[in-house]
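For reference, the structure I am asking about is given below.
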Amino acid sequence: MINTQKIEKKWQKYWQEHHTFETKIDHTKEKYYYLVEFPYPSGAGLHVGHVRSYTALDALARKKRMMGYNVLFPIGWDAFGAPAEQYAIKNHIHPSVAVKENIQTFKGQIQKLGISFDWSREFSTTDPEYYRWTQWQFLQFFKAGMAYKARKNINWCPNCKTGLSNEDSSGGVCERCGSQVVQKEKEQWMLRMSDYAESLIDGLKDTDFEERIKTAQINWIGKSTGAEVDFEIPQVHEKLKIYTTRPDTLYGVTFMVVAPEHPYIDLYSGLIKNMNEIIDYREKTNKKTEFERTQLVKEKTGVRIDGLTAVNPITKKEIPIYISDYVMMNYGTGAIMAVPAHDERDYEFAKKFGIEIIPVIEGGDISKEAYIGDGKMIHSGILNGLDNKKDSIQKMLDYLEEQGIGKKKTNYKLQDWIFTRQRFWGEPIPLIYCEDCGWVPVPEEDLPVLLPDVAEYEPTDDGESPLARIPEFVNTTCPHCGKPAKRETDTMPNWAGSSWYWLRYMDPHNEKEFVSKEALDYWGKVDWYNGGMEHATRHLLYARFWNQFLYNQGLVPNSEPFKVRAAHGMILGEGGVKMSKSLGNVINPDDIVENYGADALRTYEMFIGDYEKEAIWSEQGLNGCRRFLDKVIRLADKVVEKKEYSKEIEKDIHKTVKKVTEDLDSLKFNTAISALMILLNKMEKMDAVTSKDFRTYLTLLNPIAPHLTEELNEMCHLGEPLCESSWPTYDDSMLVDEEKEIAVQVNGKVRATITVHIDDDDQTIEEKAKAAENVQKHIEGKEIVKVIVIKGKIVNIVVK
RNA sequence: GCGGGUAUGGCGGAAUUGGCAGACGCACUAGACUUAGGAUCUAGCGCCGCAAGGCUUGCAGGUUCAACUCCUGUUACCCGCACCA
């Protein structure tokens with residue numbers, strides 16, 4: 001009997017010693033680049049969810065190699081960032097030591113699964129040889145004017161003591177530790193990602209991402225079109241610029257609202273009579289977290305600015321200005337025109353503050369709620385008579401531009417990327433501040449700026465990076481003028497290292513460039529990128545943005561880095577709940593490998609269900625797959641030496657080759673395995689199978705269960721190792737059956753099945769159908785209205 | 001609220017895109033071998049019914065000779081975004 005432990009080790013060693021999966025540039029072969037999101041080597045070890053996606057792409061990669069492609073299938077480690085640091089702090093070891101340990105664990109676990117990664121290309125984002133180039137690329141952003149420092153109200157996690165991007169603090173809680181996020185003003189390095197909003201939407205055209213991923217990205221970027229309109233503030237002869245998507249409702253504007261942080265408030269504080277009240281409101285708002293501010297939707301609050309008014313540029317009517325926290329400073333212009341008749345929020349506000357409500361679109365009942373539907377324009381001067389939104393907006397836009405009081409404008413929710421963290425465990429930002437020269441980049445030859453080796457890496461309470469406490473690190477000289485200067489002490493966010501890692505895989509040991517042009521030209525785009533749905537917006541947008549920037553700088557040949565992006569579903573614990581330590585339902589892949597073997601685990605995870613949907617772990621299901629593999633082993637006893645397929649299953653084999661080939665290509669691993677089970681069930685019933693039958697069978701199964709199939713191939717002397725062989729082909733003529741059973745329906749109900757020959761014409765089939773015993777019974781004495789014969793499929797007899 | 005998606009036996013899930021619903025696997029039942037086993041083999045297994053037959057893809061309609069598949073309406077759940085003007 002076969003010892004899975006032994007043979008798995010044996011073949012893993014074989015692949016390693018023969019460098020089977022190591023790839024080199026080879027212009028005689030077509031390239032294919034499979035990428036899996038590199039893991040964060042956490043202390044918890046590998047999860048069965050990792051196994052699912054790695055096995056899936058491993059199967060695809062193994063098949064593609066057998067089909068003659070030069071396959072790049074690399075792996076590495078995304079090891080910077082808060083989790084690694086938190087782990088290190090908790091366990092009182094330096095992050096770099098902890099990371100090293102965790103990587104060892106992960107690597108061991110992955111290797112036990114027999115994933116065909118090219119380990120010669122392995123790196124970690126925390127390697128100085130790697131982050132040297134992360135820093136170098138940051139400097140390209142800086143030099144291109146794409147990085148800037150701004151004093152910003154940022155999301156601050158009081159527990160992690162660091163600033164967080166909007167992406168990391170969604171819902172008002174810290175992504176990492178779950179604490180309530182508060183607002184704090186800090187100087188931050190920003191990347192001008194919002195400049196790329198349009199291009200990030202546009203670029204999706206050049207990709208083959210799953211629809212749900214495209215949609216998630218488009219929603220996140222949040223494009224909207226409308227107009228900017230100037231409202232005069234007569235007291236100061238200055239314009240208040242607002243953004244609206246509904247310029248058609250301009251005649252219905254009865255008040256203005258500005259964000260509490262709007263600069264005009266301080267600018268014209270001298271004219272505002274109730275400044276105390278305003279400041280009071282603003283402070284209250286500031287104490288609210290982003291979460292509270294967006295959650296307390298029930299009651300509108302605000303304060304009228306006493307002393308300033310605005311003039312509606314269309315009606316020339318003078319209207320009040322309020323401040324309210326339902327208007328955000330970071331979107332549009334931080335000021336809105338309020339149309340209570342046709343906007344729910346404005347309606348609520350107007351009701352509460354007793355402001356006039358003027359309907360300008362017919363429909364609804366203004367005494368009850370804002371009417372947000374379409375309709376005929378009323379009380380609307382030049383727009384009167386138009387009967388739909390689209391035309392009205394267009395006419396108003398034309399008028400605004402003609403009069404010079406407004407213009408068409410597109411807005412995006414996507415904001416600039418806050419590119420700073422006040423943490424130790426990240427790439428140091430390679431900039432130096434000089435009193436005379438300002439911010440100066442560290443010269444390229446001085447890169448990388450190494451993280452100093454220190455004892456204290458815990459964050460500080462004052463919001464400064466721990467690096468700020470290390471004089472030897474901070475104090476330096478200006479590369480420009482040579483005077484004493486200070487280093488930037490903030491580090492990059494953990495998204496930095498993952499924003500270009502697929503490029504480094506192409507040329508991981510290059511000491512002169514981040515990647516050579518030759519490697520870029522050969523490997524091109526990532527053909528297939530697999531990752532979790534949780535990264536559909538953040539990581540995937542950052543990576544695309546970064547790549548588009550590099551492209552615009554002429555540093556990479558493609559604007560879009562990834563052709564296909566697919567996402568695997570999560571694996572849930574029994575009962576359909578998320579696996580978690582606290583529930584004690586986490587499955588450790590090591591245990592499964594030990595008890596059932598890596599091949600059984602792989603087969604099970606591929607068989608568990610639709611790859612893109614979530615799946616529920618079941619030990620019994622796993623056992624079923626183990627049984628399947630055992631049956632394959634037992635089949636080896638029946639193999640007889642013969643270089644042809646067995647006649648009785650020849651067609652089945654051809655069909656299975658086609659089915660498995662196509663199913664693997666479209667990620668239908670479950671049905672591919674099912675097809676192999678069906679073929680196996682047939683072969684089991686035979687007295688003997690030929691060596692060619694078995695060899696083809698093993699080849700088809702090899703991408704899923706590579707160890708066992710190699711072993712059986714060797715044991716039965718079927719030929720060279722499968723990893724060095726080619727993928728089987730099928731013959732179209734072998735896919736057609738001479739005879740086939742088809743159903744006969746009477747009035748749409750199946751009454752019999754008949755056997756038809758491929759050469760039978762409709763007439764013959766119809767006669768056979770009518771002759772069937774049970775059909776006779778149902779058509780006897782009735783008038784046949786119609787007979788439908790669909791060749792090779794079905795016969796339907798309609799009777800009255 | 002906006003956007004995307006899902007719904008099929010006791011369970012995980014199939015269905016060549018309009019052509020025999022429930023492939024394959026799990027669980028279960030009976031039998032064989034063994035006679036403790038979580039091993040293996042054989043047969044059965046959507047629901048009602050002794051049977052003939054009838055019913056069945058969240059629910060209600062519609063188109064069609066024929067609907068899990070197309071159309072209309074509706075419910076539930078999941079995911080993403082969200083006082084975004």
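As the structure is a computational prediction, the values presented were derived from the model and not from experiment.
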(message) Please report the distance separating the C1' of B:rC81 from the corresponding atom of B:rG12, rounded so that it comes out in whole Å.
(response) 32 Å
(request) Mark yes or no for a side-chain to base donor-acceptor pair under 3.5 Å between A:N796 and B:rC65, with no hydrogen or angle criteria applied. (result)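 Per atom types, the contact qualifies.
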(request) Please determine if A:K241 forms a cation-pi arrangement with A:F231, meaning its NZ or CZ atom is less than 6.0 Å from the six-membered ring centre and no more than 45° off the ring axis. (result)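 Ring-cation test returns no.
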(message) Would the distance check show the side chain of A:R212 and the main-chain N or O of A:A567 forming a donor-acceptor pair, the cut-off being under 3.5 Å?
(response)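 Flag set: sc A:R212 to bb A:A567 pair under 3.5 Å.
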(request) Starting from C1' on B:rC78, measure out to CD on A:E614 and report it in whole angstrom. (result)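 Rounded to whole Å, this separation is 7 Å.
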(message) Please give the distance between the C1' atoms of B:rU56 and B:rC78 as a whole number of Å.
(response) 26 Å
(message) It should be established whether A:R626 places a side-chain nitrogen or oxygen under 4.0 Å from OP1 or OP2 of nucleotide B:rG38.
(response)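 The answer is no; no side-chain N or O of A:R626 sits under 4.0 Å from OP1 or OP2.
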(message) Suppose you measure atom C1' in B:rA85 against the same atom in B:rG5; what distance do you get, rounded to whole Å?
(response)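 After rounding to an integer number of Å, I get 28 Å for this pair.
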(message) Using a heavy-atom cut-off of 4.0 Å across all strands, would you classify A:E741 as base, sugar-phosphate, or nothing?
(response) base
(message) Less than 4.5 Å apart, side chain to side chain, heavy atoms only: is that true for A:M570 and A:M579?
(response)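 Answer no - side chains too far apart.
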(request) Please find out if less than 6.0 Å separates the ring center of A:F607 from that of A:F628. (result) no
(message) Both distances below 3.5 Å, Watson-Crick or wobble geometry, any strand: find the nucleotide opposite B:rU34.
(response)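 No nucleotide pairs with B:rU34.
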(message) Check the phosphate of B:rA15 against A:K668, side-chain N and O only, distance under 4.0 Å to OP1 or OP2. Yes or no?
(response) yes
(message) What's the separation between atom CZ in A:R304 and atom CD1 in A:I321, rounded to the nearest 0.5 Å?
(response) 9.0 Å
(message) Return the CD1 to CG distance between A:I633 and A:L708, rounded to the nearest 0.5 Å.
(response) 4.5 Å
(message) Assuming nearest nucleotide by heavy-atom distance, tell me which of A:A743 and A:H778 is located more 5' along RNA chain B.
(response) A:A743
(message) Given B:rG19, B:rC83, B:rA23, identify the nucleotide with an atom nearest to the side chain of A:I678.
(response)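 Ranking B:rG19, B:rC83, B:rA23 by closest atom to the A:I678 side chain puts B:rA23 first.
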(message) Does a side-chain N or O of A:K749 approach OP1 or OP2 of B:rC55 to a distance below 4.0 Å, or not?
(response) yes
(request) Rounded to the nearest angstrom, tell me the gap between atom CD1 in A:I794 and atom P in B:rA67. (result) 10 Å
(message) Is the phosphate of B:rG53 approached by A:K777 (side-chain N or O, under 4.0 Å from OP1 or OP2)?
(response)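 For B:rG53, OP1/OP2 do have a side-chain N/O of A:K777 under 4.0 Å.
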(message) Can you tell me if A:R627 touches the phosphate of B:rG25, counting only side-chain N or O atoms and a distance under 4.0 Å to OP1 or OP2?
(response)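 No, no such contact exists.
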(request) Just name whichever nucleotide pairs with B:rC28, Watson-Crick or G-U, keeping both distances under 3.5 Å, else none. (result) B:rG44
(message) Please report the distance, rounded to the nearest Å, between CG in A:D325 and P in B:rA85.
(response)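 Distance, rounded to whole Å: 17 Å.
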(request) Step through it carefully: locate the ring centre of A:Y596, locate the ring centre of A:Y604, and say whether they are under 6.0 Å apart. (result)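 Not close enough - the centres of the two rings lie 6.0 Å or further apart.
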(request) Quote, to the nearest angstrom, the P distance that separates B:rC11 from B:rC48. (result)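 Looking at atom P only, B:rC11 and B:rC48 are 14 Å apart.
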(request) State, without any angle test, whether A:D202 and A:Y196 hold a side-chain donor-acceptor pair at a distance under 3.5 Å. (result) no
(request) State the pairing partner of B:rA14; accept Watson-Crick or G-U wobble contacts with both distances under 3.5 Å, and report none otherwise. (result)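 None - no nucleotide pairs with B:rA14, as no candidate has both distances under 3.5 Å.
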(request) Identify the nucleotide, in any strand shown, that forms a Watson-Crick or G-U wobble pair with B:rA7, with both distances under 3.5 Å; if there is none, say none. (result)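 Base partner found: B:rU75.
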(message) For a quick check, tell me whether the side chain of A:K300 and the base of B:rC83 share a donor-acceptor pair closer than 3.5 Å.
(response)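 For A:K300, whose side chain was compared with the base of B:rC83, there is a donor-acceptor pair (under 3.5 Å).
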(message) Rounding to an integer number of Å, can you tell me how far A:I790 CD1 sits from B:rG19 P?
(response)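 The distance from CD1 of A:I790 to P of B:rG19 comes to 10 Å, rounded to the nearest Å.
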(request) Look at all strands and tell whether A:G222 reaches a base, only sugar-phosphate, or nothing, counting heavy atoms closer than 4.0 Å. (result) nothing
(message) Applying a 4.0 Å non-hydrogen cut-off, can you work out what A:I616 is touching in the nucleic acid: base, sugar-phosphate, or nothing?
(response) nothing
(message) So, does A:K413 get its side chain near the phosphate of B:rC84, meaning an N or O under 4.0 Å from OP1 or OP2?
(response)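 Answer is no, no contact under 4.0 Å.
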(message) Check the phosphate of B:rG25 against A:N681, side-chain N and O only, distance under 4.0 Å to OP1 or OP2. Yes or no?
(response) yes
(message) Just the rounded figure in Å: distance from P of B:rC24 to CG of A:L676.
(response)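 So the CG-P distance, A:L676 to B:rC24, works out to 14 Å.
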(message) Just the rounded figure in Å: distance from P of B:rC26 to CG of A:L629.
(response) 12 Å
(request) Compare the minimum distances between each of B:rG4, B:rG19, B:rA85 and the side chain of A:T215, then state the nucleotide with the smallest one. (result) B:rG4
(request) Take atom P in B:rC20 and the same atom in B:rG1, then report the distance between them in whole Å. (result)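 My reading of the P atoms in B:rC20 and B:rG1 gives 40 Å.
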(message) Does B:rA85 have OP1 or OP2 under 4.0 Å away from a side-chain N or O of A:Y326?
(response)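 No, A:Y326 has no side-chain N/O under 4.0 Å of OP1/OP2 on B:rA85.
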(message) Within the 4.0 Å heavy-atom criterion, would you say A:T245 contacts the bases, only the backbone, or no part of the nucleic acid?
(response) sugar-phosphate
(request) Under a 3.5 Å limit for both distances, which nucleotide forms a Watson-Crick or G-U wobble pair with B:rC81, could you say? (result)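 WC or wobble partner is B:rG1.
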(message) By the 4.0 Å heavy-atom rule, please label A:I608 as base, sugar-phosphate, or nothing.
(response)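 The residue A:I608 makes sugar-phosphate contact but no base contact.
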(request) To the nearest 0.5 Å, tell me how far A:K214 NZ sits from A:N219 CG. (result)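 The NZ atom of A:K214 sits 14.0 Å away from the CG atom of A:N219.
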(request) Sticking with atom C1', work out how far B:rG46 lies from B:rA21, rounded to a whole angstrom. (result) 10 Å
(request) Check the distance between B:rG25's P and A:F628's CZ and give it to me in whole angstrom. (result) 9 Å
(message) Counting only Watson-Crick pairs (N1-N3 plus N6-O4 or O6-N4) and G-U wobbles (N1-O2, O6-N3), all under 3.5 Å, who is the partner of B:rU69?
(response)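 None - no nucleotide pairs with B:rU69, as no candidate has both distances under 3.5 Å.
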(request) For B:rU75, decide between syn and anti, treating a glycosidic angle within 90° of 0 as syn. (result) anti
(message) If you assign each of A:R751 and A:E684 to its closest nucleotide in RNA chain B, which residue comes earlier from the 5' end?
(response)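 Nearest-nucleotide comparison on RNA chain B picks A:E684.
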(message) In whole Å, I'd like the distance from the CG atom of A:D343 to the P atom of B:rC84.
(response) 8 Å
(message) Please check this pair: side chain of A:N774 against backbone of A:A752, looking for a donor-acceptor N/O pair closer than 3.5 Å.
(response)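 Absent.
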(request) Could you work out the separation of B:rU69 and B:rA14 based on their C1' atoms and round it to a whole Å? (result)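 It comes out at 14 Å once rounded to the nearest Å.
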(request) Tell me what A:N670 touches on the nucleic acid: a base, only sugar-phosphate, or nothing, going by heavy atoms under 4.0 Å. (result) sugar-phosphate
(request) Measure from the side chain of A:T671, starting at C-beta and using heavy atoms only, and say which of B:rG19, B:rC81, B:rA15 lies closest. (result) B:rA15
(request) Determine the interatomic distance between P on B:rC28 and the same-named atom on B:rG80; round to the nearest Å. (result)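 Between the two P atoms, the distance is 37 Å.
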(message) Nearest to the side chain of A:K793, heavy atoms from C-beta on, is which of B:rC24, B:rA85, B:rG19?
(response) B:rG19
(message) By the rule that syn is within 90° of 0, classify the base conformation of B:rG9 as syn or anti.
(response)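 You should classify B:rG9 as syn.
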(message) Among B:rC24, B:rC84, B:rG3, which nucleotide has an atom closest to any side-chain atom of A:N219?
(response) B:rG3
